Structures are given as structure tokens and as C-alpha cells.
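Bear in mind that the values here come from a model prediction, so they are computed numbers and not experimental data.
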Amino acid sequence: MNKSIITAILATALMIVPFSACAQTENGFQKIDVKESFSENGFNWFHKAEILAAGNKDKHNAMTIGWGGIGTLWGRTALTVYVAEKRHTKLFMDKAKYFTVMALGPEYSNVLSYMGTKSGRDGDKAAALGLHTAYTDNGTPYYTEASMVIECKTMYAAPFEPKNFKSDVPKNMYGNFPAGVHTMYIGEVVNAWQKQP
């Protein structure tokens, strides 16, 4: 390959990398280390309801989630989410290598309600809410209105097996739950950003 062509390719790559790396910064976020800067109570964080998103620039979907876990697994900082069988987002979670979990401020309670009751099969929920979709360097969707974005790479996914339920808690949950049994997705936290005040 011609030396001048190689030089041009390298120069172009050097211009692209800094722009890509600051994409979240341009949207008002600052990169954080969740092990150092995540100040939320992990036992309560998901009770406030967060937004889960998966897909790519061509097509993606998001939904409100109220179940999840944060901690350490297999020597990695991990985040676990659960998506019911009949949820539209499950199709995206099953195909994507990455997903995002987003926190939104109390002023976005209408977003949490809408995302939790409307299906992406019926239309673009983000567009209907006036949300602005952006993408991480891995191509994972998130909303610029979020106050925090955590990006995860899926390490494990499996549906719950009713034969393994050991108490009446899950048995009663799924006794009359039309959305179907949940699939557990365990993701390694690979990036996190927090909106600066």
C-alpha cells in the first residue's frame, strides 16, 4: 500500500477517535467509574424505575424496568436486568452485545410511565416523548435527557425455569402474569456517564 495512503488513513483515524470519545461529553455527561462514583443505594435504585435500551442506530427499543441488581460477578463489575418474554425490548436484548440502563430525573416521570405501558411495536416511543437518542462508541442507544447512563456488555442470558422456583414468591408472580417468564441478562459494566449539574 502506498505510504501516503497509509499516512492519510492514520490521520483520519486520529481525528475520528477524539470526536468519538467525547460524544457523551458533548451531551453534558462526564465519564465516571461506578466503583468509585456510584452513590445510589443499590437496594433502592431500581425501585425508582430506570430505562433499559438495546439495539443499534438502525433500530432499537427501550422500556421501563423496576427490577435489577448491581454488584460483582466473575471478577467483573456487573449489572443484572430482567425482561419478560413478550416484551418488545427482549428481541433487541437477545441480539445486541451491549445494553444501557438510564436514570432520569423526577421531571421525567411521564417518560417512565409511558415507556412502561406502551409497546415499541406500535411506534417510536422516544419520538413520541420528544427524547433525543444518541449512541455510545459501541453503538448502544441512550437518551440525552438521562441523568446517568450505564453501558453493559452482556455476559450471560437465560430465562427463569419454573421447575427451579424454590418458593411461592416466583410461583405466585407468574401464576397470572401475561407477559411471560423473565429472562435474566447479566452485563459487565463497560462504561458509565453522569450528567453534570
Asker: Could you check whether any side-chain heavy atom of Glu50 comes within less than 4.5 Å of a side-chain heavy atom of Trp45, counting everything from C-beta outward?
Answerer: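 When only atoms from C-beta onward are counted, Trp45 and Glu50 do touch, with a gap below 4.5 Å.
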Asker: Rounded to the nearest 0.5 Å, what separates atom NE2 in His132 from atom CG in Asn27?
Answerer: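 Here the rounded value is 10.0 Å.
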Asker: In a table with atom names and distances, give each donor-acceptor pair under 3.5 Å that connects a side chain of residues 119-127 to protein atoms at least two apart or in another chain.
Answerer:
unit_1	atom_1	unit_2	atom_2	d
Ser119	OG	Arg121	N	3.1
Arg121	NH1	Lys86	O	3.3
Arg121	NH2	Lys86	O	2.8
Asp124	OD1	Ala126	N	3.0
Asp124	OD1	Ala127	N	3.0
Lys125	NZ	Ala62	O	2.6
Lys125	NZ	Met115	O	3.3
Lys125	NZ	Lys118	O	3.1

Asker: For residues Asn176 and Pro178, report the shortest heavy-atom separation together with the two atoms involved.
Answerer: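 Closest heavy-atom pair between Asn176 and Pro178: O-CD, 3.7 Å.
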Asker: Kindly write out the residues that satisfy ring pair (Phe, Tyr, Trp, His ring centres under 6.0 Å) with His88, not counting sequence neighbours, or none if the list is empty.
Answerer: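 Ring pair (Phe, Tyr, Trp, His ring centres under 6.0 Å) check on His88 returns Phe92.
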Asker: Identify which one of Ile150, Asp33, Ile32 satisfies the side-chain contact (heavy atoms from CB on, under 4.5 Å) criterion when paired with Phe38.
Answerer: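 So the option named by the test is Ile150.
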Asker: Taking side chain to side chain donor-acceptor pair (under 3.5 Å) as the definition, give me every residue that meets it alongside Glu188, ordered by chain and number, with sequence neighbours left out.
Answerer: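 If we apply the side chain to side chain donor-acceptor pair (under 3.5 Å) test to Glu188, skipping adjacent residues, the hits are Arg76.
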Asker: Honestly curious: do Trp193 and Val34 fall in one hydrophobic cluster under the side-chain, below-4.5 Å linking rule?
Answerer: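 Hydrophobic grouping puts Trp193 apart from Val34.
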Asker: I want to check something: taking the side chain as every heavy atom from C-beta on, are Asn191 and Asn138 in contact at a cut-off of under 4.5 Å?
Answerer: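 In contact.
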Asker: Looking at His60 and Gly55, what are the two nearest heavy atoms and their distance?
Answerer: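 In this case the closest contact between His60 and Gly55 is CB-CA, 3.8 Å.
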Asker: Is it true that the side chains of Glu85 and His182 contain a donor and an acceptor less than 3.5 Å apart?
Answerer: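 Note: Glu85 and His182 side chains miss the donor-acceptor criterion.
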Asker: Flag the pair Ser109 / Pro106 as yes when at least one side-chain heavy-atom distance between them is below 4.5 Å, and no otherwise.
Answerer: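 Not touching, per the 4.5 Å side-chain cut-off.
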Asker: Does Val189 share a hydrophobic cluster with Ile65, counting links as ILVMFWY side-chain heavy atoms below 4.5 Å and allowing steps through other members?
Answerer: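 As far as the 4.5 Å side-chain criterion goes, Ile65 and Val189 are connected within one cluster.
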Asker: What closest approach, in Å, do Gly116 and Thr64 show between heavy atoms, and which atom pair accounts for it?
Answerer: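 Shortest heavy-atom contact: N-OG1, 3.2 Å.
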Asker: Hydrophobic cluster membership, with links at side-chain heavy-atom distances under 4.5 Å among I/L/V/M/F/W/Y: are Phe29 and Met148 in one?
Answerer: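 They do not share one cluster, since no chain of ILVMFWY contacts under 4.5 Å joins Phe29 to Met148.
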Asker: Which ILVMFWY residues are connected to Tyr156, directly or by a chain of links, through side-chain heavy atoms under 4.5 Å apart?
Answerer: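 In the cluster with Tyr156 are Trp67, Leu73, Trp74, Tyr82, Met155, Phe160, Phe165, Met173, Tyr174, Phe177, Val181, Met184, Ile186.
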Asker: Go through Tyr114 and Tyr108 one step at a time and tell me if the ring pair (Phe, Tyr, Trp, His ring centres under 6.0 Å) criterion holds.
Answerer: CA-CA 10 Å; Tyr114 190 93; Tyr108 290 103; over 10 Å; no
Asker: Looking at side-chain heavy atoms only, is the closest gap between Val83 and Met63 below 4.5 Å?
Answerer: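 Yes; the side chains approach each other to less than 4.5 Å.
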Asker: Would you name the heavy atoms of Glu145 and Gly130 that are closest together and state the gap between them?
Answerer: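 Residues Glu145 and Gly130, closest heavy atoms: OE2-O, 3.8 Å.
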Asker: Is any side-chain heavy atom of Leu79 less than 4.5 Å from a side-chain heavy atom of Phe46?
Answerer: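 They are in contact (side-chain heavy atoms under 4.5 Å apart), so the answer is yes.
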Asker: With sequence neighbours excluded, tell me which residues meet side chain to side chain donor-acceptor pair (under 3.5 Å) with Glu40.
Answerer: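 So Glu40 forms a side chain to side chain donor-acceptor pair (under 3.5 Å) with Lys48.
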Asker: Ignoring hydrogens, what is the shortest heavy-atom contact between Phe43 and Asn41? Give both atom names and the distance.
Answerer: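 In this case the closest contact between Phe43 and Asn41 is N-OD1, 2.8 Å.
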Asker: Which donor-acceptor pairs under 3.5 Å do the side chains of residues 93-100 make with protein atoms, sequence neighbours left out?
Answerer:
unit_1	atom_1	unit_2	atom_2	d
Asp94	OD1	Tyr185	OH	2.6
Asp94	OD2	Lys90	NZ	2.8
Thr100	OG1	Pro141	O	2.6

Asker: Name the residue from Val111, Ile51, Leu104, Leu129 that meets the side-chain contact (heavy atoms from CB on, under 4.5 Å) definition with Tyr143.
Answerer: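 Exactly one pass, corresponding to Ile51.
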Asker: Would you indicate whether the side-chain heavy atoms of Thr140 and Tyr135 approach each other to under 4.5 Å?
Answerer: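 Of all side-chain heavy-atom pairs linking Thr140 with Tyr135, none is under 4.5 Å.
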